[in-house]
2 protein chains.
Amino acid sequence: MKRERADRPVAQSGRKLGPRALKTRERILRATSELLAERSVLDLPVVDIARRAGTSPATFYHYFKDVDELALALAERASEEMPDVAAWIRASMGGPDGLERARALVDAFLEHWDRHHAILTLRNMAADRGDSRFLRIRQENIGPVLSALASEIKRGQREQRISKEIHPFAAAAALASFLERLSAHHRDLGALGATREDIRETCARILVQTLEGSAPA
Amino acid sequence: MKRERADRPVAQSGRKLGPRALKTRERILRATSELLAERSVLDLPVVDIARRAGTSPATFYHYFKDVDELALALAERASEEMPDVAAWIRASMGGPDGLERARALVDAFLEHWDRHHAILTLRNMAADRGDSRFLRIRQENIGPVLSALASEIKRGQREQRISKEIHPFAAAAALASFLERLSAHHRDLGALGATREDIRETCARILVQTLEGSAPA
DNA sequence: TGTACATCAGTGAACGCGCGTTCACTGATGTAC
DNA sequence: TGTACATCAGTGAACGCGCGTTCACTGATGTAC
């Protein structure tokens, strides 16, 4: 597979791109983002992308092998903007301002999803489907978060705050799961009377309680 | 939309089905389940379903309007087998055998997903995509679980075990999210050294801790 | 400053595949007498 | 028990749409002298 770096895009022919070409490529990426936000992830034909970008299908193929590759480029770009949640976690949720740090963390997660909802959904669907390229991106994004969470659990276990019966990575996966899912779907919870703030607060508290072994003060 | 009951299937023409026809219909449903388990949810052409069922595309259309409707029938069937998790939750997780009840609950959830993994994934994807028919089924399935969880949280808040800052439905959604996600993906966690038992135990403990406000004994 | 040429960038139009869907028909099963 | 007829169940073959993809070409931009 031709590995594509965001800062060094290349035409399908392998030639480097001039400034005009870069702009066109950018228009195609942007058009795809827009379409993605407007309709289903499964309904993304080359023709429509090209039309939206004000160009032709033939041009599309100068820049991308197929729609998947384009989606991959978008997913990589979105993933790069993922906040460094792992660092926050390592800063620990204990002590008096632990809850405040947890809130900031959840908030960053929510915001990241708000900004890239469509493409992150696509990335996860493709990964669930088993596509190794999207799995890799997802793994690079979530992996460090899982590790950081698991480390905190282990620390809690050493310090006797958390039961040894809990499996650090299973717990980490559980926490990451609901963080991600609620971030992706927090709007739907409005129907149940939960605002974005409610979700942030609730997630932060469950997070602290699980990592610390007891509810925050 | 023609509402279809599992016990009273009807041909597209509206006629009732004889025993021979019922068998054919059943073969088509089964063939679809098999294909679903073998390949991506997005790759399910009528021709392949018919071939696998040992019949022809034309026959397919005697029984179903399109693949979506067929998937809907499968999803309804799978949903009917959902264990009554809500009842378990209302039985409470408190007291000495609360943890044991939580384990049983998580186990039932895991088993349900093991049995119907492919079609439940399809159901959730279709619901996420915004398809109202699949949303309805999903809602009928998860709704009672959410309500039961939220009620327990509220009870905990009345009894001062749980902070008022937590939003009952947000917390319920968080718990249901990770239960569902880990049930769907528990095999992938093997790579991180977590067995099915680890996952069951860990989920059960997080569940109890969140609903009770403190870790189980 | 102008001209010739090379390369870059873009595209209209067509081709063809896969697949959903339907039509006109055949064969199987049941029922009346 | 046999025959005629109605209805049920199933299908081969074709049609046509949507879409991915490519080809042969045009226009734009840069460079050499």
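All values below were derived from every heavy atom in this structure, side-chain atoms included, with hydrogens, water molecules and symmetry-related copies excluded. Protein chains get the first letters and strands the later ones, always in sequence-line order, with residue 1 at the start of each.
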Is there a side chain to side chain donor-acceptor pair (under 3.5 Å) between D198(A) and T195(A) once you walk through the steps?
CA-CA 5 Å; D198(A) 292 329; T195(A) 67; 3.2 Å; yes

Look only at the side chain of R138(B) and the backbone of R123(B), and say whether a donor-acceptor pair between them is shorter than 3.5 Å.
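A pair under 3.5 Å: no.
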
Between R39(A) (side chain) and D43(A) (backbone), is there a donor-acceptor pair under 3.5 Å?
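The answer is yes, because a donor-acceptor pair under 3.5 Å joins these two groups.
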
Calculate the interatomic distance between [X] atom [atom1] and [N] atom [atom2]; express it in whole Å.
X: R27(B); N: dA9(D); atom1: CZ; atom2: C1'; value: 11 Å
X: R25(B); N: dG10(D); atom1: CZ; atom2: C1'; value: 17 Å
X: H62(A); N: dT7(C); atom1: NE2; atom2: C1'; value: 13 Å
X: I28(B); N: dG10(D); atom1: CD1; atom2: C1'; value: 10 Å
X: Y63(A); N: dT11(C); atom1: OH; atom2: P; value: 9 Å
X: R20(B); N: dT7(D); atom1: CZ; atom2: P; value: 17 Å

Take R200(B) and E100(B) through the test salt bridge (Lys or Arg N to Asp or Glu O under 4.0 Å) and record every step on the way to the result.
CA-CA 11 Å; R200(B) 189 187 61 164; E100(B) 192 50 50; 5.9 Å; no

Any idea how H117(A) and W113(A) line up, ring-wise: parallel (<30°), tilted (30 to 60°), or perpendicular (>60°)?
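Ring orientation, 0 to 90° scale: perpendicular.
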
Extract from the structure each pairing of a protein N or O with an N or O of nucleotides 18-23 of chain C at less than 3.5 Å, listing the distance.
from    : atom 1 : to     : atom 2 : distance (Å)
dG20(C) : OP1    : V46(B) : N      : 3.4
dG20(C) : OP2    : V46(B) : N      : 2.9
dT21(C) : OP2    : Y61(B) : OH     : 2.8

Write down the partner of [N] under the Watson-Crick or G-U wobble criteria, each distance required to be under 3.5 Å.
N: dG2(D); value: dC33(C)
N: dT7(D); value: dA28(C)
N: dC17(D); value: dG18(C)

Would you indicate, yes or no, if dT11(C) has its OP1 or OP2 atom less than 4.0 angstrom from a side-chain nitrogen or oxygen of T59(A)?
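The answer is yes; a side-chain N or O of T59(A) sits under 4.0 Å from OP1 or OP2.
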
Test item: side-chain donor near acceptor, H167(A) and E201(B), under 3.5 Å
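Per modelled atom types, H167(A) and E201(B) side chains form no pair under 3.5 Å.
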
Got a second to check how far D114(B)'s CG is from S183(B)'s OG, nearest 0.5 Å?
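Rounded to the nearest 0.5 Å, the CG-OG separation comes out at 8.0 Å.
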
Candidates dT29(D), dT11(D), dA28(C) - which lies nearest the side chain of S56(B):
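Among the listed nucleotides, the one closest to the side chain of S56(B) is dT11(D).
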
